[in-house]
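The block underneath contains the structure these notes are about, expressed in structure tokens.
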Protein chains: 2
Amino acid sequence: MDFYQEKKPVLVALDCIIFGFDKKELKLLVIKRDFEPSKGNWSLVGGFLQPDEDLDISAKNLLQHLTGLSNIFMEQLHCFGNVQRDPGERVISVAYYALIKLEEHDQELVESHNGKWFTLDEMPDLIFDHNEMIMKALQRLRQKARYQPIGFELLPDKFTIPELQLLYEVIHQTNFDRRNFSKKILSKGILKKLNEKQKETSKKGAFLYKFDKKKYEALVVKGFNFEL
Amino acid sequence: MDFYQEKKPVLVALDCIIFGFDKKELKLLVIKRDFEPSKGNWSLVGGFLQPDEDLDISAKNLLQHLTGLSNIFMEQLHCFGNVQRDPGERVISVAYYALIKLEEHDQELVESHNGKWFTLDEMPDLIFDHNEMIMKALQRLRQKARYQPIGFELLPDKFTIPELQLLYEVIHQTNFDRRNFSKKILSKGILKKLNEKQKETSKKGAFLYKFDKKKYEALVVKGFNFEL
DNA sequence: GCAAAAGTGTTCGGGCTACACCCATGA
DNA sequence: TCATGGGTGTAGCCCGAACACTTTTGC
């Protein structure tokens with residue numbers, strides 16, 4: 001600090017990459033800006049850090065404001081700080097990513113903010129470095145999903161094994177053997193089997209499960225490592 | 001952004017967690033501040049983001065200014081942004097961590113900046129949330145070392161297998177079987193065996209190796225995954 | 001010749017992979 | 001009854017873990 005004497009404040013933005021899973025596909029929530037700058041273009045959900053707000057809190061508020069959800073899996077992704085990233089003025093942006101259960105969010109609220117869900121294929125170009133942010137978030141999600149049970153954040157509370165498998169297949173862009181997958185995931189002992197079946201996708205119906213978070217946390221304390 | 005209308009600039013600091021390995025122990029570089037605030041206390045190397053500098057560049061400059069080194073492994077760790085983290089004014093800090101080869105850095109330069117290397121055990125209390133930053137950097141280092149060959153960043157260009165093993169043992173705070181370790185690491189095919197021996201630590205001497213970065217990168221392209 | 005570190009091969013068991021048949025039920 | 005998706009067991013293989021003796025050489 002004897003080196004950098006000058007203290008010049010800069011603007012700090014927050015941007016949020018919001019993932020959802022709609023039973024078949026991974027989707028991302030972006031908004032069409034009806035305000036300047038870049039009005040009419042698509043961008044991530046964002047805002048500015050307020051001087052009296054913790055960074056993490058600020059990010060949670062941002063998300064809640066848009067989706068009506070609180071208590072969401074959300075994690076800081078990266079701070080983007082190239083000089084020219086915002087053509088207007090110098091703004092650095094702290095990006096967060098969130099995983100939400102699609103059926104729990106407030107669809108009307110999202111629409112009222114011009115929010116729209118896109119799959120990766122359909123994703124329009126976004127402003128500034130927001131495309132880059134999404135790419136980084138995707139990498140992180142894939143990486144993280146390998147060694148932490150975060151998939152459940154994207155599914156309803158009750159889900160079937162085939163649903164869970166499909167989610168992981170979509171995330172990792174691959175296919176798993178049904179038998180091996182269910183063996184592996186059940187062997188972890190972190191799923192509670194329910195006495196209900198989900199009969200929407202098949203005639204026989206598939207058993208519903210819940211993620212047993214308490215059990216998982218207890219296991220982690222004992223050195224347990226989730227790994228797909 | 002229709003939500004957060006106010007744009008109030010805040011100060012953005014940079015802090016750097018610098019790791020080194022001195023043949024036996026993992027060490028961290030911190031400095032004794034001879035300037036206010038918190039003069040006389042220990043802190044991470046830090047500075048402020050300048051409005052005309054990219055964030056990453058700024059961090060590299062910071063490191064180079066202190067150690068005389070450029071072209072260093074350095075990665076953004078996390079952005080710390082609690083309101084009260086700096087008791088003076090609102091400052092958010094983007095923390096980076098760096099891995100350096102101890103024997104290459106400019107020791108005099110470090111001393112002239114009141115820099116000192118500490119092992120984790122001897123580490124004094126640091127100002128603000130700098131202790132937390134170190135903990136997070138350690139976790140990241142451990143995590144990252146598992147699936148990326150970053151250990152070599154902490155060793156001299158030429159090193160022996162036993163040295164490499166010790167480094168990984170220190171990072172992961174465990175012991176490995178000598179036979180299994182060398183088998184595993186050599187089987188990756190990313191080490192070049194040299195025709196020299198290092199005879200400092202044993203009478204027989206141990207063969208020196210180099211990390212074959214080109215080969216590693218070529219393998220990565222083909223889908224190779226380093227894993228310890 | 002002895003102490004201290006380096007180098008190396010084999011065995012065993014557990015986990016991952018590959019693979020196929022039966023079950024339940026709505027139409 | 002048939003088509004569709006759900007559920008489950010087994011055999012082989014590979015990889016990781018455990019383990020001990022020989023080599024070199026400075027003293």
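Quantities reported herein were computed from a predicted structural model and do not represent experimental measurements. Naming: A, B, ... by sequence-line order, numbering from 1 per chain.
- At a cut-off of 3.5 Å, with distance as the only test, no side-chain donor of A/Gln143 or A/Gln139 sits close to an acceptor on the other residue.
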Original post:
Would A/Tyr96 and A/Lys60 satisfy side-chain contact (heavy atoms from CB on, under 4.5 Å), going step by step from the backbone distance to the final call?
Top reply: CA-CA 9 Å; A/Tyr96 283 76; A/Lys60 295 234 175 211; over 6 Å; no

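- For the pair B/Lys184 NZ and C/dT8 C1', the interatomic distance rounds to 18 Å; values are reported in whole Å.
- In this structure, A/Asn180 places its CG atom 13 Å from C1' of D/dG7, rounding to the nearest Å.
- As rounded to whole Å, 16 Å separates atom C1' of D/dC19 from atom CG of B/Asn175.
- Contacts classified as side-chain hydrogen bond (donor to acceptor under 3.5 Å, both in side chains) and involving residues 197-207 of chain A (residues at least two apart or in different chains) are given here: A/Glu163-A/Gln198.
- Note: CG (A/Leu186) to P (C/dG15) measures 16 Å, nearest angstrom.
- Under the 6.0 Å distance and 45° angle rule, B/Lys193 does not count as a cation-pi partner of B/Tyr209.
- Using a 4.0 Å heavy-atom cutoff across all strands shown, A/Thr160 reaches no nucleic acid atom at all.
- Rounded to an integer number of Å, the gap from NZ of B/Lys197 to C1' of C/dA6 is 7 Å.
- Checking the phosphate oxygens (OP1, OP2) of D/dG26, a side-chain nitrogen or oxygen of B/Lys199 falls inside 4.0 Å.
- Ranking C/dA5, C/dT8, D/dG6 by closeness to the B/Lys204 side chain, first place goes to C/dA5.
- Comparing C/dC16, D/dG5, D/dC19 by their closest approach to the side chain of B/Asp177 singles out D/dC19.
- Atom P of nucleotide C/dC16 and atom CD1 of A/Ile185 are separated by 12 Å, given to the nearest angstrom.
- Nearest to the side-chain atoms of A/Arg178 among the listed nucleotides D/dA20, D/dG6, D/dG9 stands D/dG6.
- Both A/Ser202 and B/Lys193 lie close to DNA chain C; mapped to their nearest nucleotides by heavy-atom distance, the more 5′-ward contact belongs to B/Lys193.
- Within the cation-pi definition used here (under 6.0 Å to the ring centroid, within 45° of the axis), A/Lys188 qualifies as a partner of A/Phe226.
- For the pair A/Phe176 CZ and D/dT8 C1', the interatomic distance rounds to 19 Å; values are reported in whole Å.
- Atom NZ of B/Lys203 and atom P of D/dT25 are 13 Å apart (whole Å).
- Which of D/dT8, D/dT10, D/dG5 sits closest to the side chain of A/Arg179 comes down to D/dT8.
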